[in-house]
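Just below is one structure, and these are the notes that go with it.
Lettering follows sequence order; numbering is per chain, from 1.
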Number of protein chains: 2
Amino acid sequence: MRSSVKSPSVAVEQVDTTYLESLIGYNARRAALSVIGKFLEKMAVYDLKPVEFSVMSVITHNPGVTSRQLCASLNILPPNLVGIVQALDARGLIERLPHPHDGRAVGLHTTQQGNELMLKAEVTAAELEMNVGAKLTPNQVQTLVTLLQKIYL
Amino acid sequence: MRSSVKSPSVAVEQVDTTYLESLIGYNARRAALSVIGKFLEKMAVYDLKPVEFSVMSVITHNPGVTSRQLCASLNILPPNLVGIVQALDARGLIERLPHPHDGRAVGLHTTQQGNELMLKAEVTAAELEMNVGAKLTPNQVQTLVTLLQKIYL
DNA sequence: TATTGTTATACTCTATAACTATA
DNA sequence: TATAGTTATAGAGTATAACAATA
């Protein structure tokens, strides 16, 4: 027993986090928060938060997509998407057109203004990718993305 | 102009998210949320959320660590740690002892009960790692963790 | 004067229940 | 009966300002 007695009055000089740093979830979260933090800074000029960028991106590449489809592909709950879509609409970045064969649904489309914004925003996103990827070789970036997708897709 | 006219009444059958899936931040966030979701389920028996597990883990491996050190290593703001520490203390999982040479600070230590809980919780965490890693080879898990750390460390 | 721990508080994000219009 | 979009609302997570005690 004597050998396992803790001395309660010893100060910690350097915090050891090696255990947590061995866990996939811990590292994925820390890395995601780091990248998203930089994303927030760079995208501030366009007034686009990560979710708004994602929504705009999916609409850009899928003109006519519905709210429900957006929710499913981005893992957003319908009530939480409403405000986002309304805000983008109010900013004149998207427009809502009737769905061709479903009176309940609404097709989402980018406006000319929204398209122009996203062209610039995706260039900035690409720059940010290179910035993050500067710590990794292009090959490592590809490997990282592939491995991450294996986990959640 | 004619060729760039969009037809507003076409339905989207399959949503294309390939662009977002090329971005590191998007993938890191989706992967982190997926793993953390499973973590939440498995750790529910111990009533430990990811942050609480992280805090308990750091205290376990660094007896006498201060709140301030915890905040710095886990990237938590001091006001937000207070409630977490108080709750763990109230549950009898940790205890707060005077700091050896700083009257302002408090050293955090796990109790016997806290130690026993964490022994079991870390086994469960290891199982979860294997579960997540089942989609990856052990080698790929190691690669993934290393690449993620290059990004945020 | 600076730092540790704390309170109060505000803001954002996420989640659930329930409604309407249409299928 | 089920689904798309919406409203209201509750809860969790994250942020800043300010204070007492100690360095």
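Side-chain nitrogen and oxygen atoms of B/R68 include at least one within less than 4.0 Å of the OP1 or OP2 phosphate oxygen of C/dT4. OP1 and OP2 of D/dG5 both lie 4.0 Å or more from every side-chain N or O belonging to A/Q69. Between A/K49 and C/dC13 there is a side-chain polar atom (N or O) within less than 4.0 angstrom of OP1 or OP2.
Nearest-nucleotide positions on DNA chain C place B/V106 closer to the 5' end than the other of B/V106 and B/R29. Where A/D102 and A/L33 each meet DNA chain D at their nearest nucleotide, the meeting point lying more 5' is that of A/D102.
In this structure, the CZ atom of A/R96 is 16 Å from the P atom of C/dA21, given to the nearest Å. The distance from atom CG of A/L40 to atom C1' of C/dC11 is 14 Å, rounded to the nearest whole Å. When the C1' atom of C/dT3 is taken as reference, atom CG of B/L81 falls 16 Å away, rounded to whole Å. When rounded to the nearest whole Å, the span between CG of A/N75 and P of C/dC13 equals 16 Å. In this structure, the CG atom of B/L77 is 14 Å from the C1' atom of C/dA10, given to the nearest Å. Separating the CG atom of A/N80 from the P atom of D/dG11 is a distance of 16 Å, rounded to the nearest angstrom. When rounded to the nearest whole Å, the span between CD1 of A/I84 and C1' of C/dC13 equals 10 Å. Spacing between atom CD1 of B/I76 and atom P of D/dA15 amounts to 11 Å, rounded to whole angstrom units.
A donor-acceptor contact closer than 3.5 angstrom links the side chains of B/D16 and B/T18.
Taken from CG in B/L74 to CD in B/Q69, the straight-line distance is 11.5 Å, to the nearest 0.5 Å.
Among the nucleotides D/dT3, D/dT6, C/dA8, the one closest to any side-chain atom of A/R104 is D/dT3.
Taking the six-membered ring where the residue is Trp, B/F53 and A/Y19 present tilted rings, their angle falling between 30° and 60°. Taking the six-membered ring where the residue is Trp, B/Y26 and A/Y152 present perpendicular rings, their angle passing 60° and hence far from 30°.
Other residues, nucleotides and ligands contribute only 12 or fewer heavy atoms inside 6.0 Å of the NZ atom of A/K150.
No contact: A/V51 has no heavy atom under 4.0 Å from any strand.
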